[in-house]
Amino acid sequence: MPAIDEVTLHSLEGIVGVGRVLTDADSLQLYGRDWTRVHTPNPAAIILPDSIEQVQEIVRLAAVAGLAIVPSGGRSGLSAGAVACNGELVLALDRLNTIEDFNPIDRTVRCGAGVVTEQLQNYATEQGLFYPVDFASSGSSQIGGNISTNAGGIKVIRHGMTRDWVAGLKLVTGSGELLDLNRGLVKNNTGYDLRQLVIGAEGTLGVVVEATMRLARPPGELAVLVLGAPDMAAIMNVLRAYQDAIELSAFEFFSELALQKVIAHQGLQRPFDTPAEFYALLEFEQRDEATMERAMNLFEHCVEQGWVLDGVVSQSIAQAESLWRLREDISETISRWTPYKNDISTVTSRVPAFLQEVEAVVNKSYPEFEIVWFGHIGDGNVHLNILKPEDLPMAEFQQRCGEVSKWVFDIVQRYGGSISAEHGVGLLKKPYLHYSRSELEVSIMRQIKKAFDPAGIMNPGKIFD
Ligand SMILES: Cc1cc2nc3c(=O)[nH]c(=O)nc-3n(C[C@H](O)[C@H](O)[C@H](O)COP(=O)(O)OP(=O)(O)OC[C@H]3O[C@@H](n4cnc5c(N)ncnc54)[C@H](O)[C@@H]3O)c2cc1C
């Protein structure tokens with residue numbers, strides 16, 4: 001265990017209370033990591049404050065003592081942003097988990113940073129409203145973590161990213177000061193929008209302690225279509241046909257291999273017998289009968305054009321949910337192969353060529369690697385997953401994947417894409433940031449960090465050094 005002196009531990013206990021500073025081996029392991037399994041957790045202690053004032057006091061103490069802080073949410077992150085492997089203090093927001101001040105006119109609600117995403121979704125439903133940011137880890141991720149990663153998910157094509165739902169937020173800076181940013185306003189053109197800088201900053205500018213989140217009108221009954229396509233170009237044609245005629249709330253895709261793995265391990269049924277190279281999952285609101293008729297006509301058109309080989313449309317909420325599981329259960333299913341995961345994007349229209357190039361470059365050197373593709377294709381975001389062959393030692397797999405990353409990011413750069421579409425940079429993507437951001441941009445980011453965090457204690461070493 002890394003050393004933290006008794007006096008500091010005692011002072012921290014004085015702030016949060018006995019039993020709220022954890023140093024036992026299990027807690028250090030649990031809170032020192034996120035969903036990635038690349039780095040060995042090694043935090044000095046875990047602190048569990050239950051008020052904004054306590055967070056301020058902890059940060060002030062850390063700034064004076066020169067101790068680094070890693071803010072920690074639901075630890076479902078996929079870029080090692082919440083990993084503490086250098087004797088840092090992990091500041092876990094779990095206890096700031098209240099939802100208050102619902103305002104039906106503004107359609108906003110005030111959330112502690114530790115509110116779990118699903119808790120907010122359920123709260124919105126109870127008010128007859130809707131919180132649309134959603135993804136497979138909503139049951140564990142927290143609003144503070146969602147804001148700090150600008151989480152996207154399965155409804156971005158219709159509802160945007162977390163950024164679009166933050167009406168205001170409170171941030172404890174690296175000096176322990178409290179910033180109250182935007183205060184729930186819709187219109188506020190008074191200089192730089194610091195709220196937006198904090199969103200996606202991965203805890204490097206301070207600790208998000210509270211947020212005013214917007215809620216939306218709930219959607220009507222949702223229909224889900226799963227369509228099998230012969231190739232990626234056909235998927236693009238399907239996207240174009242449907243998005244021109246119907247307002248889609250999701251347009252996801254997955255490969256045949258992804259489907260096979262999910263079916264084998266989750267006890268689900270194939271959506272239909274005809275095998276296809278790729279599958280598109282579309283969701284839309286069934287506003288009236290005409291919408292469904294349009295969807296069915298489009299289906300026939302896509303079949304006639306050869307873009308769709310087969311398909312199924314949900315007939316009930318239960319069937320819609322089980323069709324969604326074909327896509328949503330992929331991450332968890334393939335985690336048993338400790339996959340190399342990459343979350344990359346380009347403009348949507350260039351995805352087919354982009355995907356082909358990536359696949360060719362991996363196949364050329366490592367034809368034995370199984371590639372599982374899935375993702376949010378409607379917004380140009382694909383998840384590349386390479387499964388570790390059983391007989392290949394982990395260290396060697398990681399070394400080969402390191403090579404793969406460079407090849408893939410060269411392609412991303414040529415396509416003007418992003419090396420991290422929605423999972424952030426953290427420790428995992430830090431060495432590759434230059435593929436997406438210029439030297440000047442990174443230097444400006446460093447200066448911004450200095451303004452928020454002069455002592456450099458907020459999640460140091462994440463995004464950039
Ligand atoms: C199965 C699965 C599916 C997923 N699907 C998606 C998806 O579709 N779209 C998507 O965008 N992501 C997805 N993710 C990734 C992840 O769930 C999101 O990045 C999520 O927003 C992380 O939230 P968290 O609370 O778990 O944050 P953590 O992992 O705890 O932290 C993430 C980062 O935010 C910082 N942080 C956390 N809380 C705070 C705070 N209060 N103040 C300041 N900084 C803070 C951490 O230091 C870290 O840098 C998925 C993950 C899994 C495991």
Side-chain angles (χ1 to χ4, degrees), residues 52 55-56 58-73 77 79-86 88-89 91 113 144-151 161-164 166 168-183 185 188-211 345 409 412-413 416-465:
I52 292 176
V55 174
Q56 289 184 271
I58 295 163
V59 173
R60 284 193 200 113
L61 185 150
V64 171
L67 287 169
I69 289 179
V70 177
S72 172
S79 69
V83 168
C85 47
N86 286 311
E88 302 96 330
L89 294 179
L91 201 154
N146 296 164
I147 290 173
S148 303
T149 54
N150 185 26
M161 313 270 286
T162 298
R163 184 181 295 293
D164 298 299
V166 182
L169 62 81
K170 288 189 182 163
L171 180 86
V172 172
T173 68
S175 331
E177 286 150 330
L178 184 66
L179 288 174
D180 187 358
L181 302 173
N182 199 56
R183 305 179 305 281
L185 298 171
N188 180 15
N189 285 348
T190 50
Y192 305 154
D193 190 343
L194 301 182
R195 162 193 52 158
Q196 295 296 347
L197 271 183
V198 171
I199 299 170
E202 301 183 42
T204 60
L205 301 183
V207 186
V208 175
V209 283
E210 189 182 285
S345 71
F409 295 148
V412 169
Q413 195 171 41
S418 172
I419 59 152
S420 187
E422 56 178 16
H423 296 162
V425 178
L427 289 174
L428 274 192
K429 294 267 174 98
K430 182 170 71 169
Y432 310 105
L433 188 60
H434 63 278
Y435 285 94
S436 278
R437 308 300 290 261
S438 70
E439 253 178 60
L440 180 58
E441 281 180 287
V442 176
S443 131
I444 291 172
M445 286 197 247
R446 283 204 181 93
Q447 292 170 58
I448 291 170
K449 177 166 170 63
K450 208 150 184 89
F452 278 85
D453 176 28
I457 59 162
M458 291 310 312
N459 218 0
K462 308 291 165 51
I463 307 181
F464 47 75
D465 285 319

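Side-chain contact between Val83 and Val70: absent, with no pair of heavy atoms (C-beta onward) separated by less than 4.5 Å. Using a 4.5 Å heavy-atom cutoff, the side chains of Met458 and Ile69 are in contact. At least one side-chain heavy atom of Leu179 sits under 4.5 Å from a side-chain heavy atom of Thr173. The shortest distance between side-chain heavy atoms of Pro460 and Asn86 does not fall below 4.5 Å. When side chains are defined from C-beta on, Pro454 counts as touching Ser175, because their heavy atoms get closer than 4.5 Å. Contact check for Leu169 versus Ile199: side-chain heavy atoms found under the 4.5 Å cut-off.
By the side chain to side chain donor-acceptor pair (under 3.5 Å) test, Asn459 is found to be paired with Lys462, residues two or more places apart in sequence or in another chain being considered. When the side chain to side chain contact (heavy atoms under 4.5 Å, CB included) test is applied to Ala82, the partners found at least two apart in sequence or on another chain are Asp34. Looking at residues two or more places apart in sequence or on another chain, you find a side chain to side chain contact (heavy atoms under 4.5 Å, CB included) between Gln56 and Ile52, Arg60, Val172, Leu178. Contacts of Lys450 classified as salt bridge (Lys or Arg N to Asp or Glu O under 4.0 Å), with partners at least two apart in sequence or in another chain: none. Evaluation of the side chain to side chain donor-acceptor pair (under 3.5 Å) rule for Gln196 yields Arg163 as partners, not counting sequence neighbours. Taking the side chain to side chain contact (heavy atoms under 4.5 Å, CB included) definition, one finds that Ala455 meets it with Ile457, sequence neighbours left out. In this structure, Glu177 has no salt bridge (Lys or Arg N to Asp or Glu O under 4.0 Å) partners at least two apart in sequence or on a different chain. Applying the salt bridge (Lys or Arg N to Asp or Glu O under 4.0 Å) rule to Asp193 yields the partners Arg195; only residues at least two apart in sequence or on another chain are considered. Residues satisfying the side chain to side chain donor-acceptor pair (under 3.5 Å) test with Asn182, not counting sequence neighbours, are Asn188. For Lys170, the salt bridge (Lys or Arg N to Asp or Glu O under 4.0 Å) partners at least two apart in sequence or on another chain are Glu210. Under the side chain to side chain donor-acceptor pair (under 3.5 Å) criterion, Asp465 pairs with Lys430, not counting sequence neighbours.
Going from atom CD of Glu439 over to atom CG of Leu433 covers 11.0 Å, rounded to the nearest 0.5 Å. The distance from the OG atom of Ser438 to the CD1 atom of Ile444 is 7.5 Å, given to the nearest 0.5 Å. In this structure, the separation between CZ on Arg446 and CD1 on Ile463 is 11.0 Å, given to the nearest 0.5 Å. One finds the CD1 atom of Ile147 at 9.5 Å from the CG atom of Asn150 (value rounded to the nearest 0.5 Å).
Within the structure, ring-ring contact (aromatic ring centres under 6.0 Å, His included) pairs that include any residue of residues 435-465 comprise Phe409-Tyr435 (at least two apart or interchain).
By the 6.0 Å contact criterion, CZ on Arg183 is open, its count of non-hydrogen atoms from other residues, nucleotides or ligands being 12 or less.
Applying side-chain contact (heavy atoms from CB on, under 4.5 Å) to Leu181 and the options Val198, Val166, Val208 leaves one that passes, Val198.
Among all heavy-atom pairs drawn from Asp453 and Thr204, the shortest one is OD2-O, 3.9 Å.
Between the side chain of Glu88 and the main chain of Ala68, no donor-acceptor pair closer than 3.5 Å is present. For Ser79 (side chain) and His423 (main-chain N/O), a donor-acceptor pair under 3.5 Å exists by modelled atom type.
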